[in-house]
Amino acid sequence: MRNVIVNTTPLIALCHVGQLDILKKLYGGIMIPQAVYGELSEKKESICKKQVDDALDWIRVEKIENEMAKSMFKTQLHDGEVEVMILAKEKNADIVIIDDANAKKHAKYLKLPVTGTFGVLIKAKRQGHISELKPIIQQMIDKNIYISEKLMKLCLEQVNEEMYTD
């Protein structure tokens, strides 16, 4: 199994459109740091927390070893993002899945291979795990998950889908 570390926002986005299992199909399993699991647990009755709890056979919640390293990032990133990067370094991650632009910059600076929710969905479409990307993007928009028109267009172009059909 590859070492795939996932942050909170991609988990929430995938959960809200019923696509959490895409991560299992693509990677076999994933790891999330305890801070990410904690962020998912903040809201009672969290749809995503329940889905993650139901998937703990392929989602591993991991404790970071180097707690001291957290202080280096504290002012710029959320706890989950910080722990994702620390865990990724500790586990020699094959890929880190993060959506926040600032967190992605930090990950790239640390020379971590990084993608986001839409990178995952594009890969899933290319591998035949989903038939169309556009309806999933529309579901995300309907669930108030922000995606810019520019990003939507770019993603759809990557999988040869059109933004609007007449």
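No hydrogens, no waters, no symmetry mates; every other heavy atom, side chains included, goes into these values. The structure displayed is predicted, hence computed values, not measured ones.
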(message) Once side-chain hydrogen bond (donor to acceptor under 3.5 Å, both in side chains) is applied, what residue pairs with a partner in residues 30-40 remain, sequence neighbours excluded?
(response) T8-E39, Y37-K49, Y37-D53
(request) Any chance you could measure E83, atom CD, to K63, atom NZ, to the nearest 0.5 Å? (result) 7.5 Å
(request) Report yes or no: do Y146 and V120 belong to one cluster of Ile/Leu/Val/Met/Phe/Trp/Tyr joined by side chain heavy-atom distances under 4.5 Å? (result) no
(request) Keeping the roles fixed (side chain from K89, backbone from L110), state whether a donor-acceptor pair exists under 3.5 Å. (result) yes
(message) With rounding to the nearest 0.5 angstrom, report the CG to OG1 distance, L14 to T9.
(response) 10.5 Å
(message) With salt bridge (Lys or Arg N to Asp or Glu O under 4.0 Å) as the rule and sequence neighbours excluded, what pairs involving residues 112-133 come up?
(response) K125-E161
(request) Measure the spacing between OH of Y27 and CD1 of I22 and express it to the nearest 0.5 Å. (result) 10.0 Å
(message) Closer than 3.5 angstrom, by distance alone: can the side chain of D99 be matched with the main-chain N or O of T117 as a donor-acceptor pair?
(response) yes
(message) Within the 4.5 Å heavy-atom criterion, are M85 and I98 side-chain neighbours or not?
(response) yes
(request) Mind checking the CG-NE2 spacing from D142 to H16? Nearest 0.5 Å is all I need. (result) 13.0 Å
(request) Working to the nearest 0.5 Å, report the span between CD of Q158 and CG of L121. (result) 12.5 Å
(message) Is there a path of hydrophobic side-chain contacts, each under 4.5 Å between heavy atoms of I/L/V/M/F/W/Y residues, joining L154 to I136?
(response) no
(request) To the nearest 0.5 angstrom, please state how far the CD1 atom of I5 sits from the CG atom of L112. (result) 9.5 Å
(request) Kindly write out the residues that satisfy side-chain hydrogen bond (donor to acceptor under 3.5 Å, both in side chains) with K153, not counting sequence neighbours, or none if the list is empty. (result) E157
(request) Keeping the roles fixed (side chain from E90, backbone from E65), state whether a donor-acceptor pair exists under 3.5 Å. (result) yes
